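Naming: A, B, ... by sequence-line order, numbering from 1 per chain. Since the structure is predicted, the reported quantities are computational estimates derived from the model, not experimental observations. For the numbers below, each heavy atom of this structure counts, side chains included, while hydrogens, waters and symmetry mates do not.
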Amino acid sequence: MARQDSSLPVAAYSPKSLREKWQAYWDEKKTFRAPNPGDRDFNIARPKNYILDFFPYPSGAGLHVGHPEGYTATDIVARYRRMRGYNVLHTMGWDAFGLPAEQHAIETGQHPAITTLQNITTFRRQLKMLGFSYDWDRELSTTDPDYYKWTQWIFLQIFNSWYDEKTRRARPISELPIPDEVRARGEKAVREYVDSQRLAYLAEVPVNWCPALGTVLSNEEVTNEGRSERGDHPVYKRPLKQWMLRITKYADRLAEDLEELDWPESVKLMQRNWIGRSEGAEVTFRVADHDASLEIYTTRPDTLFGATYMVIAPEHPLVRMITTPDRHAAVDAYCEQAINRSELARTAEAKEKTGVFTGAYAFNPVFPEVDSRARIPIWVADYVLMSYGTGAIMAVPGQDQRDWDFAKVYNLPIIRTVQPPEGFDGEAYLGDGPAINSDFLNGLTMAEAKKKIIGWLEARGIGKGAVNYKLRDWLFSRQRYWGEPIPVLHGPDGEIVPLDESELPLTLPEIDDFRPTVSEGNDGGMPEPPLGRAKDWATVTRDGRTYRRELNTMPQWAGSCWYYLRFCDPRNDHRFVGQDAERYWMLSKRKDGRPHVGGVDLYLGGAEHAVLHLLYARFWHKVLYDLGHVSTVEPFGKLFNQGMIRAYAYRDARGIPHGYDEIDFRDDGKAVLRETGEVLSANVEKMSKSLKNVINPDDVVNEFGADALRLYEMFMGPLEASKPWNPRDVPGVFRFLQRTWRLIVDEDSGELSSFVVSAETASRAPGSGSEADPLERALHKTIQKVTQDIERMAFNTAISAMMEFVNEVYRAKSIRKDQAERLVLILSPFAPHLCEELWQRLRGPAWTDSVSKEPWPNWNEKLVVDDEVEIPVQVSGKVVARITIPRDADEAAARNAAMANAKVADRLAGRTVAKTIYIPGRLLNLVVQ
RNA sequence: GCCGAAGUGGCGGAACUGGCAGACGCGCCGGAUUCAAAAUCCGGUCCCCGCAAGGGGGUGUGGGUUCGAUUCCCACCUUCGGCACCA
């Protein structure tokens, strides 16, 4: 399907030349530059609008058709808002630290900075090719020292803060009150106390250590089979000193503030579930024959009378102490094999409960210790996780299915403490009901019993109401090269010394071997990150003391946690963002004038970042807010998730995928393998190299042009839905663009087409008073529809409305020049290259500048409603006829018109109308007996 | 297992707040143009019965509410996404 054919007319629609011409124009004139407050051409009178895409990781594979989907949507909104008189901030940058470039470096020795630069060059070229209206002067990369200087600066802000529970906010560490008894123990104790309160802290934590990759992985990077998501290497649990960020302190605020955000409910729900707040109680159980007690957390303190045994996690510190000598061998063996498996591997095969008895007993505090019911056995089992609550539970098999399952395996007693309803035939009963077998709680509902028992526990000092979260602190260090160095020094006495702001950026040292020091097997020595290879860099001497640099780097999330702030003022070299710029672009008002919680007015990207990126960025933002560095509570006021674009994968009988270049499509639509004629199966799947179903945007642009690619991606269906790419549909939108071109331009002469008539000529034509002109009415309706659809992000229906209008012009064979101009204006955000050219040709000598500088056209409310409407007439809810009546006809008039219709009269013959339902402009329903 | 979203022609999809189901595009069929084809323009196209006029059915399945249900309620099936022993 060669579109560049020498036999084409001289002035045929040529996407390629229009693209080149107008992109050069935009670049040269800096058409989409967004001035900041303080700039000479800044116009304070205009309202602001910040429209942001999730910035991409510039992978070696280049742009994927999934990228332009979201980028086109935001581009349409950005162009539309500019025409509506907003100052629009619309930017693009690169989330360019990350594992793929580093893996490539390990394999080839090519420095990740070089790979990254090449990939960025490709991405930039491809994005520019699509004509997005970014302010390219604001482009940034997280890997640029001028950028990561400030990532490191923010880390230091977090490091130098503590969380004040009373005021519920972060405060500078210098304001931390030091308890007297700590002060009394000396300087080192004070230092350790302070370090223990920081929002960034070092902790020995069990991590997912992957020897093959030489790095620690986050839980998300480990598969259910306990292997690395990247490369499928084995992953082991081992304790390692790691940087942690105290995100759990913000759990409540992160959950509460979701309320105010204009985000998809599904994303809010995912975040709430991830935070996983639960309310319950902590209860102390004394351990028999030991000077020890077990702290447990439960959401069901009301079932305390039903606790028949205890379970502690294999990692629990009390395990060794309380296990009786005769049980040591069994307990040790069990714990060892449980601890060695990753948490995920452990939970994956959770079918059958396992555990061992420690030989020890605890006293249930609701009974006197002399009472035989008080003494309950303590077991170790891997269904209790050390990382949640206190790592120990009271087991209540009567009201908890997991405990029930365990009790059945090991023959432990079961006591019901909630009366199940009549006919209940399940095992553990989780529902509400009157308490039984529970002494002073008997007869109370679940809520009443919880309240009463918590009061009872608190009065005796053996328990209290408590809140727990699934959310864990954020494991922040990675054993990698290609990330931001963490700007701290480790002193000879183990003290942590943060770098001074003046020492930033701490740049990555040059090394030529990017491999970490890999230990053999499961239990080799301490792994050392690749930065350890830079010997000169890794040690620093100050005042005669030798310090060791932190060798871990930050995770990829770090750079993406604040880039939206940097875009406001990307070249500022004395602040992470200038205050005026931050306030102008981030602070937005609601319609009712109250300040909005969050600054970015539209943040658009895929749902795969629904939890982690968005939660981490919100956390950093709140810390910056608490410390007075930013002016909004939340970073992203409105969030929108685009759906995934998938494509048909064609497989042969053996299940082997085949690409389009090997396939012929028969007339019946079936795909056959060209070589053998075998009919292939077709399934919509995620695009991937291995399935050979990846669509390359360059190919589409070469064949149909950037405007057609943009338009197709928007026309496919709702932005939020996942949709299949169908190569056969692309020519459809291309045809529409071509029809629009020919509507306005005569292909043979290059002059305006014969359809386009001047206003004077039109007014002389019979019956074309401007308001009565049916085309004028249709245009007003189209402008209204397109405007409203852009506002609600329904681009597919906006495009079909414009298609309908163009079809109507073809039928009319005539359009006034001012009408054609308005059509071009509303189409321009969607197909900017085509519309720039049409605008210039329509304006002729009156043309001054880019179509994007023109105001958005209005519609007249009077012209979008028809005076006469056709409505259906139903008889008892069944449509029998259609009548045309004035829009505002009253019920009697509508009824009379209906009765005059033969079909209606026929249906009503011999019957009485019991009820009439008339919705003006909609329908008339005559209900008969 | 739990939570969430979605199921509409041959295909992608449309239908505001319960009011004409299938807009728009693809594909297919027919016509015009052409020596011919491509391209283009015009028309048709949910299914079934019927030459037609006309009639019947229809939004995953089964029930319900309503004058009226793609839309609301209940149960179930399927697909996709998230979580997964969180006490």
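- Separating the C1' atom of B:C26 from that of B:G9 is a span of 13 Å, rounded to the nearest Å.
- For A:N807, the side-chain atoms get nearest to B:G25 when compared with the rest of B:C80, B:G25, B:C85.
- A:Y469 comes within 4.0 angstrom of no nucleic acid atom, judged by non-hydrogen atoms across all strands.
- Comparing the P positions of B:U8 and B:U79 gives an interatomic distance of 14 Å, to the nearest angstrom.
- With B:C85, B:A87, B:C11 as the choices, the nucleotide that has an atom nearest any side-chain atom of A:Y648 turns out to be B:C11.
- For the pair A:K686 and A:G717, both in contact range of RNA chain B, the more 5′-proximal nearest nucleotide belongs to A:G717.
- In this structure, the CG atom of A:L924 is 11 Å from the C1' atom of B:C67, given to the nearest Å.
- Between the P atoms of B:U66 and B:G7, the separation comes to 26 Å (whole Å).
- A:Y810 has its ring centre less than 6.0 Å from the ring centre of A:F755.
- Salt bridge A:R277/A:D252: present, at least one basic N to carboxylate O contact under 4.0 Å.
- Applying the 3.5 Å distance criterion, the base of B:C83 shares no donor-acceptor pair with the side chain of A:K470.
- Applying the 4.0 Å criterion to OP1 and OP2 of B:A84, one finds that A:N273 has every side-chain N and O outside that range.
- B:G68 shows a glycosidic angle more than 90° from 0 and is accordingly assigned anti.
- Summary of the strand contacts: A:T390 and A:K878 both lie near RNA chain B, and taking for each the nucleotide with the nearest heavy atom, the more 5' one is attributed to A:K878.
- Minimum interatomic distance between A:D748 and A:V10 (heavy atoms only, all atoms of both residues): O-CG2, 3.0 Å.
- Atom CH2 in A:W725 sits about 21 Å away from atom P in B:C11, given to the nearest Å.
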Requested in this report: Could you walk me through whether A:N693 and A:R646 pass side chain to side chain donor-acceptor pair (under 3.5 Å), step by step?
Outcome: CA-CA 9 Å; A:N693 63 345; A:R646 301 187 298 164; over 6 Å; no
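- Of the listed nucleotides (B:C24, B:C20, B:C41), B:C20 has the atom at the smallest distance from the side chain of A:E870.
- Atoms CD (A:Q874) and C1' (B:C20) sit 8 Å apart, rounded to a whole Å.
- Residue A:K723 places none of its side-chain N or O atoms closer than 4.0 Å to OP1 or OP2 of B:G12.
- One can place OH of A:Y309 at 11 Å from C1' of B:A87, the figure rounded to the nearest angstrom.
- Candidate nucleotides B:C24, B:C3, B:C42 were compared by shortest atom distance to the side chain of A:M803, and B:C24 ranks first.
- Considering all non-hydrogen atoms of both residues, A:S278 and A:T299 come closest at OG-CG2, 3.8 Å.
- Taking atom P in both B:C83 and B:C28, the straight-line distance is 43 Å, to the nearest Å.
- Figure legend. B:U71 is base-paired to no nucleotide; pairs are counted as Watson-Crick or G-U wobble with both atom distances under 3.5 Å.
- Nearest to the side chain of A:S800, among B:C41, B:C85, B:C24, sits B:C24.
- Per the geometry, CZ belonging to A:R792 stands 13 Å off C1' belonging to B:U17, to the nearest Å.
- Side-chain proximity of A:S266 to the nucleotides B:C80, B:G4, B:G19 is greatest for B:G4.
- B:U78 and B:C85 have their P atoms separated by 24 Å, with the value rounded to a whole Å.
- Atom name P, nucleotides B:G57 and B:C76: the rounded distance is 30 Å, in whole Å.
- Searching all strands for a Watson-Crick or G-U wobble partner of B:U45 with both distances below 3.5 Å returns B:G27.
- A close approach under 4.0 Å does not occur between any side-chain nitrogen or oxygen of A:Q788 and OP1 or OP2 of B:C16.
- B:G58 makes up no base pair with any nucleotide shown, lacking Watson-Crick or G-U wobble contacts both under 3.5 Å.
- The shortest distance between the side-chain N/O atoms of A:S278 and the OP1/OP2 oxygens of B:A87 is below 4.0 Å.
- Nearest nucleotide to the A:L269 side chain, out of B:G13, B:C3, B:C85: B:C3.
- Distance A:Y712 OH to B:G13 P: 9 Å, rounded to the nearest Å.
- Spacing between atom CG of A:L711 and atom C1' of B:G25 amounts to 11 Å, rounded to whole angstrom units.
- Taking the C1' atom of each, B:G58 and B:A39 are spaced 38 Å apart, rounded to whole Å.
- Relative to the side chain of A:R922, the nucleotides B:A87, B:C3, B:C16 differ in distance, and B:C16 lies closest.
- Taking atom CD on A:E720 and atom C1' on B:G82, their separation rounds to 18 Å, with Å as the unit.
- Within the structure, every side-chain polar atom (N or O) of A:R272 is placed at least 4.0 Å from both OP1 and OP2 of B:G82.
- Within the nucleic acid shown, A:L923 comes within 4.0 Å of at least one base atom, counting heavy atoms only.
- Taking the C1' atoms as reference points, B:U40 lies 38 Å from B:C49, given to the whole Å.
- Scanning both residues, A:M716 and A:K723, for their nearest heavy atoms gives CB-CD, 3.7 Å.
- Taking only distance into account, the side chain of A:N925 meets the base of B:C67 through a donor-acceptor pair shorter than 3.5 Å.
- Nearest to the side chain of A:N726, among B:C20, B:C11, B:C67, sits B:C11.
- A 3.5 Å limit on both hydrogen-bonding distances identifies no Watson-Crick or G-U partner for B:A15.
- With ring centers used as reference points, A:F406 lies under 6.0 Å from A:Y309.
- With distances taken from any side-chain atom of A:R735 to the nucleotides B:C41, B:G27, B:C85, the minimum falls on B:G27.
- OP1 or OP2 of B:G12 has not a single side-chain nitrogen or oxygen of A:R728 nearer than 4.0 Å.
- The side chain of A:N796 contributes no N or O atom lying less than 4.0 Å from OP1 or OP2 of B:C24.
- The partner of B:G4, taking Watson-Crick or G-U wobble pairs whose two distances both stay under 3.5 Å, is B:C80.
- Note on A:K450 versus A:E279: no salt bridge recorded, every NZ/NE/NH1/NH2 to OD/OE distance being 4.0 Å or above.
- In this structure, A:R742 reaches the B:C41 phosphate: one of its side-chain N or O atoms is under 4.0 Å from OP1 or OP2.
- Shortest non-hydrogen contact noted between A:W274 and A:K470 is O-CB, 3.8 Å.
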